[in-house]
Novice: 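This is the structure, below, for whatever I ask next.
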Amino acid sequence: MATDRTTPERARPPGRRPLPAEVAGHVRELIISGAVRPGEFLRIERVAEAVGVSSTPAREGLLILKSEGLVRLVPRRGFTVEPFTRQDVRDLFWAQAQLSARLAARAAQRISPTGVSRLEDALDAYQEAVDAGAADRVADLGHAFHREINLAADSRRLALLLGSVVKHLPNRFYAAIEGQVAATRTEHPLLLDALRRRQAHRAGALMKRHILAGADRLVEVLEGQGLWCDEEEPPDRARASAPAGAIDGLPPSS
């Protein structure tokens, strides 16, 4: 059932993200997908209307993005979109790769037989989803496989640090990476084998390579969506090619 964008804040169902985080997630995706471009102003009232919140959580959500370097607060004018480059993508994935590799190495040392069984089940379900052509489920199970490894590492602080890195990109972009089946279908079984054999160094190296390759795949996805087309086009042309309503109206969140 579609979400009612006019739902009052007090009537929102329990379990949803805090409103500022919901705003940040919506606008983060607009920025990284190229729906809004560097230098464009994000009007608080338009953001609030698009997400279905009041101006206070809308402003707080934009302040979250300011802390991430995705927007800038211009005194007496408001928030403007900062550039998001290919190097930004690669830097985020480099940081993710270092932390994920460390977690995988620790998981290889600490994983229980039950943990191995859960990974085997996740991998079997992943292969079944691939065979069935269930793209959304393929992506979800790819995420689940990584979560199981991070849990097996039993390293809460590292996991928290990893979470602070991955939140800089919308979930659907990670889903696009996991959804590229050819690489993941090969790499996940290798990771499982290293964990099963308790080969910490191999597990870490495989995980690092797996994550870094994801940066290249995501750059391809974002290039295909025209995120960096304004590097080759005049500003007016790039602005004209943005989806209708994306500049000031902001498309409704989904």
Side-chain angles (χ1 to χ4, degrees), residues 1-85 87-89 91-93 95-96 99 139-140 143 147 159-177 218 221-222 225-228 230 238-239 242-254:
M1 184 172 65
T3 303
D4 181 0
R5 302 302 172 197
T6 63
T7 302
E9 292 173 35
R10 63 180 179 277
R12 287 176 178 264
R16 292 186 64 168
R17 291 183 296 173
L19 294 178
E22 191 170 331
V23 171
H26 172 60
V27 179
R28 186 185 294 114
E29 184 160 328
L30 291 177
I31 293 169
I32 296 174
S33 67
V36 292
R37 300 286 180 170
E40 291 174 6
F41 279 91
L42 298 168
R43 310 297 178 187
I44 290 177
E45 64 275 12
R46 299 290 191 177
V47 171
E49 180 182 355
V51 185
V53 300
S54 67
S55 60
T56 297
R59 179 180 174 80
E60 291 172 352
L62 291 173
L63 287 171
I64 291 172
L65 298 182
K66 176 179 177 291
S67 73
E68 296 175 8
L70 288 174
V71 304
R72 180 165 58 96
L73 179 56
V74 180
R76 296 181 296 280
R77 296 194 65 190
F79 294 90
T80 184
V81 178
E82 288 281 75
F84 186 78
T85 68
Q87 188 61 56
D88 290 331
V89 173
D91 287 345
L92 286 170
F93 274 79
Q96 183 183 350
L99 294 166
D140 288 342
H143 281 302
R147 281 195 300 272
L160 287 171
L161 286 171
L162 178 60
S164 72
V165 173
V166 300
K167 75 176 183 180
H168 284 254
L169 289 171
N171 283 338
R172 78 180 184 91
F173 290 117
Y174 287 109
I177 297 167
L218 182 55
V221 168
L222 297 178
Q225 295 183 353
L227 176 57
W228 297 294
D230 55 348
R239 186 181 181 88
I247 305 303
D248 292 321
L250 297 174
S253 61
S254 56

Novice: Output yes when a side-chain donor or acceptor of S55 lies under 3.5 Å from a complementary backbone atom of E45, and no otherwise.
Specialist: no
Novice: Measure across V71 and E82 and return the closest heavy-atom pair with its distance rounded to 0.1 Å.
Specialist: C-CG, 3.7 Å
Novice: Taking only residues two or more places apart in sequence or in another chain, which ones pass side-chain contact (heavy atoms from CB on, under 4.5 Å) with V81?
Specialist: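 Partners of V81 by the side-chain contact (heavy atoms from CB on, under 4.5 Å) criterion, ordered by chain and then number, come out as I31, V36, L42.
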Novice: Can you sort out the partners of R147 under salt bridge (charged side-chain N to carboxylate O under 4.0 Å, His left out), two or more places apart, ordered by chain and number?
Specialist: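 Scan of R147 (salt bridge (charged side-chain N to carboxylate O under 4.0 Å, His left out), adjacent residues dropped) gives none.
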Novice: Can you give me the closest heavy-atom contact between F79 and R59, atom names plus distance?
Specialist: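 Heavy-atom minimum between the residues: CE1-NH1, 3.8 Å.
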Novice: For L65 and A24, which heavy atoms make the closest approach, and how far apart are they?
Specialist: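 Between these two residues, the closest heavy atoms are CD2-O, 3.7 Å.
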Novice: Any idea which heavy atoms bring H168 and I32 closest together, and the distance?
Specialist: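 Of all heavy-atom pairs spanning H168 and I32, the closest is O-CD1, 3.4 Å.
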Novice: Give the minimum heavy-atom separation between P83 and P38, together with the two atoms involved.
Specialist: CA-CG, 3.7 Å
Novice: Distance check, rounded to the nearest 0.5 Å: Q96 atom CD versus L161 atom CG?
Specialist: 12.5 Å
Novice: Any side-chain heavy atom of F93 within less than 4.5 Å of one from V165?
Specialist: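 No, too far: nothing below the 4.5 Å cut-off.
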Novice: Applying side-chain contact (heavy atoms from CB on, under 4.5 Å), run through L62 and K66 and close with a yes or a no.
Specialist: CA-CA 6 Å; L62 291 173; K66 176 179 177 291; over 6 Å; no
Novice: Could you tell me whether a side-chain N or O of R28 sits under 3.5 Å from a main-chain N or O of L70, the two making a donor and an acceptor?
Specialist: no
Novice: Between atom CZ of F84 and atom CG of L92, what is the distance when rounded to the nearest 0.5 Å?
Specialist: 5.5 Å
Novice: Considering residues at least two apart in sequence or located in another chain, which fulfil the side-chain contact (heavy atoms from CB on, under 4.5 Å) criterion with A58?
Specialist: I44, V47, A48, V53
Novice: Can you see which heavy atom on R37 is nearest to which on W228, and at what distance?
Specialist: NH1-N, 4.2 Å
Novice: What distance do E22 atom CD and I64 atom CD1 have between them, rounded to the nearest 0.5 Å?
Specialist: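 These two atoms lie 11.0 Å from each other.
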Novice: Please identify each residue that fulfils side chain to side chain donor-acceptor pair (under 3.5 Å) with E60, with sequence neighbours left out.
Specialist: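 E60 satisfies side chain to side chain donor-acceptor pair (under 3.5 Å) with no residue once adjacent residues are dropped.
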Novice: Once side-chain contact (heavy atoms from CB on, under 4.5 Å) is applied, do any residues pair with D91, and if so which ones, sequence neighbours excluded?
Specialist: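 Checked D91 against side-chain contact (heavy atoms from CB on, under 4.5 Å); matches are Q87.
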